[in-house]
Protein chains: 2
Amino acid sequence: MATSVFNALGHPLRRKVMMVLRKGPKTSGDLAGMFDASWPTVSRHLNVLKEADLITAERKGTSIVYRANTSVLEDAAAAILALVGRDDGDDRDDDMKEAAE
Amino acid sequence: MATSVFNALGHPLRRKVMMVLRKGPKTSGDLAGMFDASWPTVSRHLNVLKEADLITAERKGTSIVYRANTSVLEDAAAAILALVGRDDGDDRDDDMKEAAE
DNA sequence: ATAGTAATTAGCGGTCAAGCTAATTATGAA
DNA sequence: TTCATAATTAGCTTGACCGCTAATTACTAT
């Protein structure tokens with residue numbers, strides 16, 4: 001869960017998409033036109049963001065409108081802050097060997 | 001810069017290392033013993049975190065002590081919050097086609 | 001049905017991340 | 001020096017990611 005969010009944000013173009021989207025919804029074509037990458041490439045980046053639940057897609061006639069899902073971004077920020085100091089205890093202890101205390 | 005931080009946090013084991021390290025410094029051996037992964041594997045994960053400046057390494061006799069670099073985590077959280085709403089204007093507009101307004 | 005536009009999916013080549021074992025460096029002790 | 005321990009680096013395989021072009025799906029309009 002957190003993994004997919006961080007990985008999604010781990011690409012500059014995808015962060016830029018989030019920056020654009022937080023100002024308002026945009027269609028795939030709008031976004032594809034904003035970057036140097038080809039349309040299919042942008043489309044796949046959008047899919048990565050969607051899989052991470054960072055954006056939502058809604059068909060609007062012939063276009064598909066994308067919107068930022070700010071609550072997930074807030075969750076991600078909270079997860080980092082948990083790493084910093086305050087223990088909000090996310091992150092399951094899988095593949096941990098023992099109690100690690 | 002932000003890319004390396006997000007990618008570093010994009011692996012569960014590395015987030016767990018950060019969770020452990022924020023409670024206090026640990027040697028590579030300590031950390032290697034906590035996870036199911038082999039020692040070299042853990043070592044490389046530590047290196048990824050170090051490259052992202054999320055941790056620091058200091059030789060202490062025969063061991064190497066790792067410490068969390070909380071300020072970088074705070075920066076990462078700030079970067080996400082910038083994505084959420086407040087415009088602290090990180091993230092350079094590389095590979096952007098135009099003004100995108 | 002046909003044509004046109006919007007967007008994704010398929011497929012390809014190249015690169016990079018992740019895991020392992022084995023080999024190597026580095027330090028400390030005898 | 002020699003031995004033992006700590007940790008990384010080297011080498012390998014597997015699988016995922018990134019970017020492209022070409023092909024395909026989805027919808028609108030005529």
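Labels below follow one simple rule: chain letters A, B, ... track the order of the sequence lines, proteins then strands, and each chain is numbered from 1. Because only heavy atoms are used, hydrogens play no part in the values below, and waters and symmetry mates are left out as well, while side chains stay in.
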- Note on the structure: Students should find that the end-to-end axis angle of the helix from dG14(C)-dC17(D) to dA30(C)-dT1(D), with five pairs defining each axis and rounding to 10 degrees, is 30°
- Query: Taking all atoms of both residues into account, what is the closest heavy-atom pair of Val5(B) and Ala52(B), and its distance?
  - Reply: CG2-O, 3.8 Å
- Grab the two heavy atoms, one from Met19(B) and one from Arg22(B), that are nearest each other, plus how far apart they are. O-CG, 3.3 Å
Roughly how many Å is it from [atom1] in [X] to [atom2] in [N], rounded to a whole number?
X        : N       : atom1 : atom2 : value
Glu58(B) : dA7(D)  : CD    : C1'   : 16 Å
Glu51(B) : dA17(C) : CD    : P     : 11 Å
Ile64(B) : dA26(C) : CD1   : P     : 11 Å
Leu49(B) : dA18(C) : CG    : P     : 10 Å
Leu31(B) : dA7(D)  : CG    : P     : 9 Å

- Please determine if a side-chain N or O atom of Ser28(A) lies less than 4.0 Å away from the OP1 or OP2 oxygen of dT8(C). yes
- Query: Does Tyr66(B) place a side-chain N or O at less than 4.0 Å from the phosphate oxygens OP1/OP2 of dA6(D)?
  - Reply: no
- Report yes or no: does Arg14(B) contribute a side-chain atom to a donor-acceptor pair with the main-chain N or O of His45(B) at less than 3.5 Å? no
- Task: Using modelled atom types only, decide if a donor and an acceptor are shared between the side chain of Arg15(B) and the backbone of Leu9(B) within a distance under 3.5 Å.
- Result: yes
- Sort and list the pairs that fulfil salt bridge (charged side-chain N to carboxylate O under 4.0 Å, His left out) and have at least one residue in residues 54-70 of chain A, not counting sequence neighbours. Glu58(A)-Lys60(A), Glu58(A)-Arg67(A)
- Message: Quick test of your reading: applying salt bridge (charged side-chain N to carboxylate O under 4.0 Å, His left out), list the pairs with at least one residue in residues 43-56 of chain A, sequence neighbours left out, ordered by first then second residue.
- Response: none
- Query: Taking protein heavy atoms under 4.0 Å as touching, what does nucleotides 9-25 of chain D look like 5' to 3' if B marks base contact, S marks sugar-phosphate-only contact and - marks none?
  - Reply: B--------BBBBB---
- Query: So, Asn69(A) versus Ser71(A): side-chain donor-acceptor pair below 3.5 Å or not?
  - Reply: yes
- Query: Between the side chains of Asn7(A) and Ser4(A), is a donor N or O closer than 3.5 angstrom to an acceptor N or O?
  - Reply: no
Please list, pair by pair, any protein nitrogen or oxygen found under 3.5 Å from a nitrogen or oxygen in nucleotides 28-30 of chain C.
none

- Message: As a test of understanding, state which of Asn47(A), Leu49(A), Val48(A) forms a side-chain contact (heavy atoms from CB on, under 4.5 Å) with Ile55(A).
- Response: Leu49(A)
- Message: Strictly by ring-ring contact (aromatic ring centres under 6.0 Å, His included), give each pair with a member in residues 50-73 of chain A just once, sequence neighbours left out.
- Response: none
- Query: When rounded to the nearest 0.5 angstrom, what distance separates OG1 in Thr70(A) from CE in Met18(A)?
  - Reply: 8.5 Å
